[in-house]
Each structure stands twice: as structure tokens, then as C-alpha cells.
Amino acid sequence: MSIYDDVDEYIGARRVTDVAATADFSRAVIAIAALDDSRTEYRTSLWELDVDGRSPARRITHGEWGESSPVFTASGDLLFSRRSNKDDPARLWILPAAGGEARLLETRSAGLSGIRAAGSEAVLVGFSPVFGSSSTEEDDDALRTERTANKVNAILHTGVPVRYWDHDLGPATPHLFVASSDGSTGVRDLTPDARTGLHEAAFDVSADGSFVVSTWALPGALATVRTVLVRIDTATGERTTIVDDADADLGAPAISPDGGSVAFVRETISTPEDAPRMTLQRYDFGDSAVSDLAAGWDRWPSDPVWLPDGSGLLVTADDDGRSPIFVVRDGAEPRRLTQTNDAYTHVHVSSDGTRVLALAASYLAAPHPVSIDLSDGAVTALGTGVDHGPLPGTLTEVDTIVADGARVRGWLALPEGASELAPAPLLLWVHGGPLSSWNTWSWRWNPWLMVARGYAVLLPDPALSTGYGQEFVQRGWGAWGKAPFTDLMALTDVAAARDDIDDNRTAAMGGSFGGYMANWIAGHTDRFDAVVTHASLWALDQFGPTTDAPWYWAREMSPEMAVENSPHLFVADIATPMLVIHGDKDYRVPIGEGLRLWYELLSESGLPADDEGNTEHRFLYFPAENHWILSPQHAKVWYEVVWAFLAQHVLGESASMPRILGH
């Protein structure tokens, strides 16, 4: 039996979540999350990793509330975040390279997060929240204490944003602080006038620690926001805008090893007619020139990391259902470094320029640390002591050419034993985003738990998916109900035509944008026996102004687009049983979407509640969860309810809902 056969074993499986290394790769650590004794929360600990792969990882931290966010300093000391209890902010701790016990490095009561350390000097920079009315750290602490003591959580806003994904923004806002990574000096506020400029910002610190380059949010007319790049001197706090592009949002800054330039990702500001375009840019401090480092490259680069000699960068980019590492050098065609089916994250390069350390993941393996030879791309998995056992099926690819000539592909996970004599029921699972791709492992959206119960799971990348070029995104831009829908149906046709698939037993499901597509599918075809829709967009005119980043969605979602593509306008055509799932703390797709969908299914759909109020539909509501269902026991309930709903409507079996729901 594998962990995919038993949901308790699955939620209890240990997960690698992070990796960090010294510049010379003499030391490395990984973060591993595991269930606590109550099995209701995950605790993360740090483990020493053998980069040469000779021995398994060894645990080095044992805090009661766990440790996370490891970063090595220039001298090899290990920085990490640790909480003293569940409700306190994470504080910054240091574990000296010379040995000894870990100790608290900073004493700011609000804590420091998002730490980055300079490559050659004892300088670190991180975020900490500050109240706008505070004039001193003591005043800031007093106000924080007063709000807590009086149970006041009211926030007065003067603009957008007001919240993000699952948390409210303000009244304290992020500031950048600088400190010595050896603890010799206290923390100092670099951005006392930050206001909302650093909400969800990304930054880098120069190797010598003398300056920072950060994104900076600028409010604009009609409740819009865009981001520019600023340079901040760590000695004086002087801030200078270095790249201000009225036609784009700028992100992911990475300062070159010599401090002479900064690479960044430019995302064009989309319009209802034109999808965004992401390119890798470079700003040179000497002549203030901006250049395109990979002109004409039809992929979307992310997370740039400089090679140690400054001759180029490593980036990741979605590509045909994978997310490889590419080497980008100025004026040359980007070269794909890794040839595996994996998606790579947390990329580090050794100071001698010979090796890369990263996390790799695919639908065949959960995130795990790997060493990559920078010369030939050879990938070596490193020992972690984490073993998730065999998968309950096999993975293959399917593709087709659709009416407009585009190639549409996806992954198909098949259960063991599926054959012409024992065809498997088909589950179409649509990804979120929508600018995304089914290309990496997810603990929350894991097809193998469905495969273990006999389903074949189709993971398609329709129009709007990344990794297939700009035109593939453009095909679905502003037309969500057109090419994305027909692409999904075309690939479903291909899968359903296989001898090992039972096309008389099918279901569709998805979350976020995938939930939108599930709703659209329900109103436009009756080919599926059941539809599961999680955190889904239902009424676009309602969603746009209430989501956490309304200005972003308004770039695409014109009034005309909302009318043409809103699933709620087709509720009368829904005759398929639907399982609606939503979390109340979801700020990306607010709970109003789920509540309205639920009511309109019962009152206006083609399968309404009967005269006695009975309904085939179900609504699984999580008052304390957000866009994702993160609590381990809630995740268990999520899977068990989905299994029971599909068993009833797809398999024709009588299945009970989890007893813990009290239903």
C-alpha cells in the first residue's frame, strides 16, 4: 500500500519545501515539513544536506514551533525564522558556522522576514511591518500592543490594495530593514516612507551590501497600481527610481555579481485585446540603459539568478508541460540546461560556476533537492531520507491539433490495470491561473489520490496556458469561454477515445480559474456525470471589483468580456450535479462567488432543488480556509467529500460523506 491509498498517510507524508547553500556549496540545508503530534498542523525543520550525495540529510533544528526560510551569510552562518509560539511573528535566528547553539539575532517585536544576505559582507536585509503613525520603534511596539490589548483590528484605507490572497493588508505596512548578519549592529529602517510601496515586493541586495534593488508599487488614477524598480542605499536610505516603465510591471530583480547591473522580469500591462508578455531585461547603472537579454524568445522567464562570473543568468520558464532551467547570455539564444520532465525552483549556483543546487518536481516525484552539472545539465538527486513510495499508476502524454491549427497537449495519469477489458473512468482536471501550466507536483492538487481510486486523470493545458508561446496565450485572452473550452473538450475527446478509458463514466473538476472552467463546462455540455468546482469564478461582473487585485483583472475583464464569458449567465443550462467548494478567507476569489453559485444552482439551474428542497448539488464550505485548503484535517475532508460525490454520480456507488461533518 502506498501513501496515495490512505489519505491519513498522505497528509502525514513529509515534504521538502526549501533549500539553501553557501556560495561554495560546502554546506547546504533543506526545509522539511511534517505533521505535529496532533496531526492538525505542519511544522518545518531544517536538515543538513550532503551536496555531494554521499549521505542522507541530517536534522539540525528542533524548535517546538519549527524553523523555516534558511539563508546562509557570507561567512557561512545559517539564518532562519523561528516562532516562540503559534501567535507570535517569526523572529530571525542564527546558527553559527563555527558551532554552538542557535541564538536570536534581532529583537524587533514585529520580526523580520524575506531575508536576503549580501554575498561578500556581513549585511542582511529583510521586511518588517511598521505603523504609518509610528515615529520610533518604541512607539510602533506600543501601538501594536494597544491594538492587541483592546482587540482592535480595524483598518482605515486610502487606496488599493486592501488585502492579498488570504490576509488583510495594513494598518502596518512592510518596510525594508538592514542589519549586520553577525549581530554586531541592530536593525535599521531603510524605507521609513514606504507606505504601500513594498506590499508583496521583491528585492535583491548587492554582493557588497551597499545597496538594494526592490520593486516599488505606485498607485495611479482610477484605483490602478503598477510596479517600478528602485535602488536604495543601505548606508543612507537614499532611494532612486531606476526603471519606470509606464507600459509594464517590473519584478524579480537580481543584481549582478559586480554590482554594475540588475536583471529583472518585465511584464507588459495587458489590455482587453492583448495578453501580457514577459521578457528578461537588464538595467546597467553606468549608462542607465535597459536592454532585452533574450529578444525574440517565446517563453516567459522567471526567477533570474546570475552566473558567478556575470557572463549570463539562469532562469526557469514553463515549456511544453515542464519548467526547465535555461542559460541566458546577452545576444545568444537561451540554452535549455535541464532535459528532464521536471519543474525547477529555488535555484542556486556555486561560486566556481560548475554546479547548480535546486528543487526539482514533476508528476512523477514530489519536490526534492538535486545537483545539476552546469556544463552538461546532468541531474543528480540528493539524499533526503524522505520516501513517498511507488505511484499507483503511470503517466503519459496526450495531444491533438484543434480547429485553428494549434497543438494542445496534457498529462494523463492512468491507474494500474487500466485496459480495454477494464477501462478507467475519466476525470478531467483543469488547472488554475489561468496563466499557468500542469507541469509540477502539488500536494494540494494531487492526481495520484484520484488514480489510486481507479480514475484516469487528464491534466490538460488549454489556451491561456504558459509554456507554449505567446500566441497560445493570446488565443484565449479575453475569450475564456471560447478556445480554452474547445481545447479542453478536444483533448477530452482524445483521452476518451482510448481503449483503457471508459467514456461513459466521466467527471470534470477544477479550482480557481479551473473552477471557472468547471462552471463554464457545466453550462455548456452535459457530457460529464458530475462537476466539482473549487474556489471558482461564477459572476465575472461581481468577481472583478471584489477580488484582491481588481486593477489587474480590469486590464482584461472589460464589461463586454464579462458578459460574453460569465458562467452565471448559463445557469439555466446546468443539468449536471455539482459539488461547490469554497473557503471564507479566500480573497482572490471572494466567498460571494461560491455563495451566489450555490443559491443560483438551487433556484435557477436546470437541476434545481425540488419542491421539498432536496438537491443533487452539494456545497462544502470551509469558514477558516482560504483559496487553498491548507489545514491537514480539512484537506482530508476535501478529498473524502470529492471521492464520495464522484463515487455516487460517476461510479454509481453508494458512498457516505465523512462522519466528522456530522451530516
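Just so it is clear, the values below take in all heavy atoms, side chains as well, and ignore hydrogens, waters and symmetry mates.
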With sequence neighbours left out, which residue pairs that include part of residues 517-540 fulfil the salt bridge (Lys or Arg N to Asp or Glu O under 4.0 Å) condition? Asp493-Arg527
Arg596 to Tyr599 six-membered ring, cation-pi geometry met (6.0 Å, 45°): no
Under a plain distance cut-off of 3.5 Å, with no hydrogens placed, do Ser323 and Asn439 share a side-chain donor-acceptor pair? no
Less than 6.0 Å separating the ring centroids of Trp598 and Trp538? no
Trp300 side chain to Gln470 side chain, donor-acceptor N/O pair below 3.5 angstrom: yes
Trp638 ring center near Trp445 ring center (under 6.0 Å): yes
Is a salt bridge present between Asp249 and Arg555, judged by a nitrogen-to-oxygen distance below 4.0 Å? yes
4.5 Å side-chain heavy-atom contact, Phe264 and Val290: yes
Could you tell me if the side chain of Arg475 sits less than 4.5 Å from the side chain of Val402, heavy atoms only? yes
Would you say Ser362 and Arg322 are linked by a side-chain donor-acceptor pair, where the criterion is simply a distance under 3.5 Å? no
Salt bridge Arg299-Asp320, side-chain N to carboxylate O under 4.0 Å: no
Please list all pairs passing the salt bridge (Lys or Arg N to Asp or Glu O under 4.0 Å) test where one or both residues lie in residues 437-465, with sequence neighbours left out. Arg409-Asp461
Would Asp247 and Arg277 pass as an ion pair if we require N to O under 4.0 Å? no
Please check if the distance between the ring centroids of Trp443 and Tyr10 is under 6.0 Å. yes
So with a 6.0 Å cut-off around OH of Tyr621, is the heavy-atom count from everything else above 12? yes
Under a 3.5 Å cutoff, is there a donor and acceptor pairing between the side chains of Ser437 and Asp318? no
Taking the six-membered ring for Trp, are Trp438 and His431 parallel (under 30°), tilted (30 to 60°) or perpendicular (over 60°)? perpendicular
